[in-house]
Protein chains: 2
Amino acid sequence: MNDEGKPVYLRLREIISASILDGEYQDGAILPSVRAFAAQQGANPLTVAKAYQSFQDDGLVIVRRGIGMFVADGATHRLRNMERTRFLQQTWPAIAEHMRRIGITLQDLPTDRND
Amino acid sequence: MNDEGKPVYLRLREIISASILDGEYQDGAILPSVRAFAAQQGANPLTVAKAYQSFQDDGLVIVRRGIGMFVADGATHRLRNMERTRFLQQTWPAIAEHMRRIGITLQDLPTDRND
DNA sequence: CATACTGCATGAGTGACATAATACAGCGAG
DNA sequence: CTCGCTGTATTATGTCACTCATGCAGTATG
């Protein structure tokens with residue numbers, strides 16, 4: 001969550017993930033080319049490729065060699081489900097435990113009208 | 001929050017922090033020696049020292065060379081305040097943003113009777 | 001002083017990460 | 001086919017955080 005100290009390729013992965021979840025790249029959309037995204041982010045093309053790689057491994061993006069990388073069909077939905085599961089099973093329990101220790105309850109949190 | 005991949009000295013730091021917040025080591029209490037804690041955690045004494053170091057920098061533990069490290073006066077209270085501020089200003093905003101993206105609201109979270 | 005415990009300073013080893021320079025492979029347009 | 005785009009494999013290099021082994025310094029106890 002805090003991008004401090006995290007390796008670049010993971011930071012890039014989260015940027016892409018957020019873009020997909022926000023609907024910037026919908027199912028079937030073409031993603032920025034490795035070189036283009038590298039230039040835009042001031043990173044090395046190989047580092048970007050490493051970030052894209054993780055999405056391929058999960059089957060979330062389809063590679064059409066010579067053309068580009070595309071968001072797989074149903075990837076947005078699947079990505080959101082994956083992130084949800086990970087959050088509820090791993091992230092949140094640790095957060096809740098930490099909150100208990102420092103004496104913060106859900107009521108203490110800024111609620112942005114979640115209804 | 002997730003101890004996966006984090007450096008050992010940060011993991012150790014959180015263990016100590018949790019112990020203090022849980023009241024296991026109260027103000028004025030002596031902490032386990034570097035070597036003892038290292039043996040207990042299966043880590044290197046210097047790695048433990050590095051973890052302790054961060055507490056010294058914040059003035060939360062007092063070092064009496066040749067004797068040991070002690071929880072500073074008012075450290076428990078101060079540590080809790082520090083963690084609270086850090087959580088509310090840094091941790092939580094990122095969490096909330098992530099929750100918004102994956103479509104999880106406070107109502108979806110397991111509530112351990114927070115009323 | 002001798003011993004046994006403390007913390008700490010110095011330096012080295014290791015591995016992950018990021019970068020670079022090249023070259024290769026697939027596809028489409030001219 | 002040729003040109004220009006795409007992703008990818010290879011190799012090499014540099015950097016930095018983490019970890020650790022060794023030895024030194026301070027303190028209590030006898």
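Hydrogens, waters and symmetry mates play no part in the numbers below; they use all other heavy atoms, side chains included. In what follows, chains carry the letters A, B, and so on, assigned in the order in which the sequence lines appear, proteins first and then strands, with residues in each chain numbered from 1.
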How would you list, by chain and number, every residue that makes a side chain to side chain donor-acceptor pair (under 3.5 Å) with B:T47, sequence neighbours excluded?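 B:T47 satisfies side chain to side chain donor-acceptor pair (under 3.5 Å) with no residue once adjacent residues are dropped.
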Side chain to side chain donor-acceptor pair (under 3.5 Å) with A:D58: which residues, sequence neighbours excluded?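 Scan of A:D58 (side chain to side chain donor-acceptor pair (under 3.5 Å), adjacent residues dropped) gives A:R13.
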Where at least one partner belongs to residues 60-73 of chain B, residue pairs that pass side-chain hydrogen bond (donor to acceptor under 3.5 Å, both in side chains), sequence neighbours excluded: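 Checked against side-chain hydrogen bond (donor to acceptor under 3.5 Å, both in side chains) - neighbours excluded - no pair reaches residues 60-73 of chain B.
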Using a heavy-atom cut-off of 4.0 Å to chain B, what are the terminal contacting nucleotides of DNA chain D, in 5' to 3' order?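 Under 4.0 Å from chain B, the extent on DNA chain D is D:dC18 to D:dA28.
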Please identify each residue that fulfils side chain to side chain contact (heavy atoms under 4.5 Å, CB included) with A:V34, with sequence neighbours left out.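 Result, side chain to side chain contact (heavy atoms under 4.5 Å, CB included) vs A:V34: A:P45, A:V48, A:A49, A:Y52.
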Who passes side chain to side chain contact (heavy atoms under 4.5 Å, CB included) against B:P93, sequence neighbours left out?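 Partners of B:P93 under the side chain to side chain contact (heavy atoms under 4.5 Å, CB included) test: none.
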How does each nucleotide of nucleotides 6-12 of chain C score, in 5' to 3' order, for protein heavy atoms under 4.0 Å: base (B), sugar-phosphate only (S), or none (-)? BBBBB--
Between P of C:dG13 and CG of B:N44, the distance in whole Å: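 Value for this atom pair: 16 Å.
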Pairing of A:R11 and A:E14 as salt bridge, 4.0 angstrom limit: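 The answer is no: the pair does not qualify as a salt bridge.
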Pairs flagged by salt bridge (Lys or Arg N to Asp or Glu O under 4.0 Å) wherever residues 74-85 of chain B is involved - sequence neighbours left out: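 For residues 74-85 of chain B: none.
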When the side chains of residues 20-31 of chain B are checked against the rest of the protein, which donor-acceptor pairs come out under 3.5 Å, sequence neighbours left out?
| unit_1 | atom_1 | unit_2 | atom_2 | d |
| --- | --- | --- | --- | --- |
| B:D22 | OD1 | A:R101 | NE | 3.2 |
| B:D22 | OD2 | A:R101 | NE | 2.9 |
| B:D22 | OD2 | A:R101 | NH2 | 3.2 |
| B:D27 | OD1 | B:T76 | N | 3.2 |
| B:D27 | OD1 | B:T76 | OG1 | 2.8 |
| B:D27 | OD2 | B:G74 | N | 2.7 |

